[in-house]
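Structure record follows, encoded as structure tokens.
Since we're looking at a predicted model, the values are computed, not measured.
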Amino acid sequence: MSQLLSRHHRTAQQRKPKINTLLKSSVVLITSTLLLSISAQAVEPTTSTSNATVNNTSINTSAINLAIMADSPTVLSETKRITRAKTNTLNTTYSKANSDQAIYSEDAIHHPVWAKNGMVATQEALASDIGLQILKDGGNAVDAGVAVGFALAVTLPRAGNIGGGGFMMIYDAKQGKTVALDYREKAPSSASRDMYLDEAGNAVSDLSRYHGLAVGVPGTVAGLLKALEEHGTMSREQVMAPAIALAEDGIEVTAGLSESLTALSDRLQKWPSTKKVFFKPDGSAYQPGERLKQPELARSLKRIAVQGTDGFYKGETAQKLVKAVNEAGGSMSMQDLSDYEAIAREPVKGDYRGYEIVSMPPPSSGGIHIVQILNILEGYPLKDYGQNSAQTIHLMAEAMQLAYADRAEYLGDADFIDVPASGLTSQAYADKLRTLIDPNKATPAATIKANNPLPYESDQTTHFSIVDKDGNAIANTYTLNFSYGTGLVADGTGILLNNEMDDFSAKPGVPNGYGLLGGDANAVEANKRPLSSMSPTLVFKDSKPYIVTGSPGGSRIITTVTQIISNVIDHDMNIAEATHAPRIHDQWLPDEIRVEKALNSDTVKKLESMGHTVSPKSAMGSTQSIMLTPNGVYGSSDPRIVDAAVVGY
């Protein structure tokens with residue numbers, strides 16, 4: 001699945017779906033001008049000696065007036081890209097320090113998108129445009145984020161959702177405060193430790209993946225609405241109107257959506273309620289350019305817009321969700337839904353070479369282990385070694401596997417177990433771990449620990465990052481777990497249901513279908529939240545947001561986000577270069593360094609000579625990142641996934 005969805009070139013899409021006003025016109029700000037033509041994002045612009053160079057797309061000439069940057073920056077107005085020739089306006093600003101050179105440089109081989117005010121980076125272009133329009137209509141980053149979250153449930157159904165859950169990092173510029181919003185799914189109250197074992201005590205994987213028992217109590221709706229109520233400025237009707245319109249009027253099917261539906265046809269069509277939503281009456285998949293309407297989902301979204309959380313966790317929608325889960329063999333109650341609450345938590349914080357790292361606490365393992373890995377790496381001169389040199393990769397891999405061994409032993413839902421977060425993120429502990437690393441030789445995984453590695457988490461998560469003109473920022477990662485979750489649409493709702501219960505350890509010490517094990521800290525328990533790798537992250541410079549980032553990628557999320565941070569801070573990369581750079585991953589077990597195919601063969605041979613097993617595999621992650629500077633914001637959507645777009649104004 002990940003091979004189908006990973007692409008090194010984006011497909012340019014021209015989509016102009018009609019947006020109708022579905023709710024009271026007095027509160028709806030979004031109009032049919034919201035969705036503009038989407039320009040190609042894969043081809044990097046090139047500079048010329050002329051005043052402006054155009055990337056083979058139509059140009060909004062007003063964008064030229066925004067170009068006040070040095071050294072041929074890329075400017076985005078709506079979704080159109082312009083490259084400006086060199087200007088002297090900001091040369092003095094950009095020569096201040098190495099860290100500033102990472103923003104924009106003539107040496108760069110990839111250039112980020114620039115905007116003066118606000119920016120939205122998501123994995124789906126229509127959703128990006130919706131978020132941008134909210135910002136332009138006066139909404140803040142949270143308003144835009146909630147609009148994007150609901151829109152992705154329509155446009156990116158394999159990962160965007162209202163039947164799943166996730167995490168959102170929210171920075172309030174006025175208060176100078178960051179909140180970690182946890183809306184991860186919870187186990188139903190009937191859940192028990194051995195619920196996925198057969199009579200012989202063996203784990204039955206299908207029960208935790210493709211069965212009613214796989215469904216956790218969804219958190220997305222509670223999380224998005226809590227964010228809006230506590231940090232937003234617009235009404236539910238305003239931010240949800242675009243998603244409702246897209247579901248009701250239909251979206252133009254992209255090549256990426258068509259491919260994913262075709263690839264998973266057998267799993268999805270086994271559920272009649274899913275087949276009628278995502279496939280034609282004859283069972284064939286929608287082709288690129290055809291229109292997919294989701295009227296049942298539109299009605300579910302309308303109930304949420306009018307009734308708030310009661311429109312999902314109580315009443316008609318809740319009854320249909322419970323009915324679908326239980327008819328599929330699960331055990332969920334109306335009380336499970338009505339009892340669900342999203343929780344605001346204190347973020348995990350660390351320091352890396354003078355920059356503050358702020359990320360998600362448990363039940364995410366991401367924040368703790370990003371800080372832990374960076375703490376270990378801070379003892380090495382990575383800049384001197386070079387980005388993706390064999391020496392740098394060796395040290396990163398060694399630090400990664402030490403962190404992942406700890407993840408299995410100590411991480412779970414902190415509401416149920418004691419997680420030693422302060423110890424794991426302390427510099428003293430990192431100093432101790434660093435003594436275990438041979439700078440010239442790989443450490444066999446078996447000699448680190450003989451306990452249990454992490455549970456499986458699918459690639460099919462999605463992340464978006466948003467900043468507004470006032471400096472507010474959000475980083476949001478949410479998921480259904482597997483692509484399309486269980487594959488089950490609750491009949492009459494249009495809502496795909498997650499299979500997040502598979503993120504628990506079905507049986508500690510027993511490998512799942514992917515050869516990975518789980519530990520006691522993440523065992524199944526009623527009302528518990530499963531451990532996650534999702535890692536929405538903010539990096540602060542001089543006490544202000546500098547990088548907003550995150551990624552899908554299952555167990556590889558932690559290492560992907562870590563490399564984005566290191567690429568910028570250690571290697572003076574701009575955010576586009578940091579995004580495009582080849583990635584590596586080491587999660588302790590299996591005992592290998594996973595690499596993308598772009599890593600050169602000489603580096604691979606050197607790593608092998610140090611004792612590493614190097615395994616080239618499919619591309620990793622789909623980062624959506626924004627860098628904030630005094631001269632505007634710079635963004636980059638990962639080229640590894642089709643249909644993504646970063647837009648700004």
Side-chain angles (χ1 to χ4, degrees), residues 1-13 38-46 55-57 73-74 76 79-81 83 102 104 108-115 119-129 152 155-156 158-159 254-257 259-260 288 387-388 459-465 477 547-553 556-557 559-561 563-565 567-568 571 573-585 594-600 616-627 634-648:
M1 183 62 214
S2 61
Q3 291 176 334
L4 281 170
L5 297 177
S6 297
R7 296 290 186 271
H8 293 283
H9 300 283
R10 294 193 187 90
T11 303
Q13 299 294 331
I38 309 302
S39 66
Q41 296 290 309
V43 182
E44 292 297 331
T46 58
N55 274 344
N56 208 19
T57 69
T74 301
L76 192 73
T79 52
K80 301 174 176 68
R81 294 162 60 108
T83 303
Y104 193 85
I109 59 172
H110 297 288
H111 297 286
V113 169
W114 175 86
M119 183 165 282
V120 180
T122 87
Q123 206 171 307
E124 202 287 321
L126 287 178
S128 292
D129 270 352
L152 286 169
T155 65
L156 191 72
R158 69 177 184 267
T254 65
L257 176 55
E259 284 182 356
S260 69
Q387 197 271 340
N388 271 353
D459 289 359
Q460 299 311 318
T461 302
T462 190
H463 177 86
F464 54 87
S465 297
T477 314
I547 301 171
V548 184
T549 191
S551 179
R556 297 171 294 283
I557 293 174
T559 53
T560 295
V561 172
Q563 287 168 89
I564 290 287
I565 295 169
N567 286 343
V568 173
H571 305 296
M573 290 185 171
N574 68 44
I575 199 65
E577 290 180 302
T579 298
H580 285 70
R583 294 173 185 151
I584 66 105
H585 172 74
R594 173 174 173 162
V595 302
E596 294 181 328
K597 66 179 183 180
L599 194 67
N600 73 70
K617 293 184 180 178
S618 58
M620 291 179 270
S622 175
T623 56
Q624 308 298 324
S625 305
I626 299 173
M627 178 184 285
Y634 295 76
S636 182
S637 282
D638 206 315
R640 292 167 175 81
I641 297 289
V642 297
D643 299 330
V646 55
V647 296

Criterion side-chain contact (heavy atoms from CB on, under 4.5 Å) on His580 and Ser636, from CA distance to verdict
CA-CA 9 Å; His580 285 70; Ser636 182; 4.2 Å; yes
Given the rule in the side-chain hydrogen bond (donor to acceptor under 3.5 Å, both in side chains) test, do Ser551 and Ser622 qualify, once you have shown the distances and angles that lead to the verdict?
CA-CA 5 Å; Ser551 179; Ser622 175; 6.0 Å; no
Yes or no on side-chain contact (heavy atoms from CB on, under 4.5 Å) for Asp643 and Gln123, after CA distance, side-chain angles and deciding distance?
CA-CA 6 Å; Asp643 299 330; Gln123 206 171 307; over 6 Å; no
Can you check side-chain contact (heavy atoms from CB on, under 4.5 Å) on Val647 and Asp129, steps first, answer last?
CA-CA 7 Å; Val647 296; Asp129 270 352; 3.8 Å; yes
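Using modelled atom types and a 3.5 Å distance limit, the side chains of Ser625 and Thr549 yield a donor-acceptor pair. Side-chain atoms of Asn567 and Glu577 form no donor-acceptor pair, as typed in the model, at a separation below 3.5 Å.
Shortest non-hydrogen contact noted between Ala127 and Thr155 is CB-OG1, 4.3 Å. Between Pro582 and Arg640, the shortest heavy-atom distance links the atoms CA-NH2, 4.0 Å. Minimum heavy-atom separation, Ile584 to Gln563: O-NE2, 2.8 Å. The shortest non-hydrogen separation linking Ile575 to Tyr634 is CG2-O, 3.9 Å. Scanning all heavy atoms of the two residues, the minimum distance from Thr579 to Ile564 falls at CA-CD1, 3.8 Å.
Glu124 places a side-chain N or O within 3.5 Å of a backbone atom of Leu126 that can act as its donor or acceptor partner. Side chain of Arg594 to backbone of Ser618: a donor-acceptor contact under 3.5 angstrom is found.
Annotation: the span from His463 atom NE2 to Asp638 atom CG amounts to 11.0 Å, rounded to 0.5 Å. Taken from CD1 in Ile641 to OG1 in Thr462, the straight-line distance is 8.5 Å, to the nearest 0.5 Å. Rounded to the nearest 0.5 angstrom, Thr560 OG1 and Met620 CE are separated by 6.5 Å. The NE2 atom of His571 sits 7.5 Å away from the CG atom of Asn388 when rounded to the nearest 0.5 Å. How far CG of Leu257 is from CZ of Arg158: 7.5 Å, rounded to the nearest 0.5 Å. In this structure, Met573 CE and His110 NE2 are separated by 9.0 Å, a value rounded to the nearest 0.5 Å.
In this structure, His585 and Lys617 have side chains that are not in contact, with every pair of non-hydrogen atoms separated by 4.5 Å or more. Taking the side chain as every heavy atom from C-beta outward, Leu152 and Phe464 approach each other to under 4.5 Å.
Residues that satisfy the side chain to side chain contact (heavy atoms under 4.5 Å, CB included) test with Pro616, not counting sequence neighbours, are Val595. Judged as a side chain to side chain contact (heavy atoms under 4.5 Å, CB included), and not counting sequence neighbours, the contacts of Ala121 are Gln624, Ile626, Ser637, Val646.
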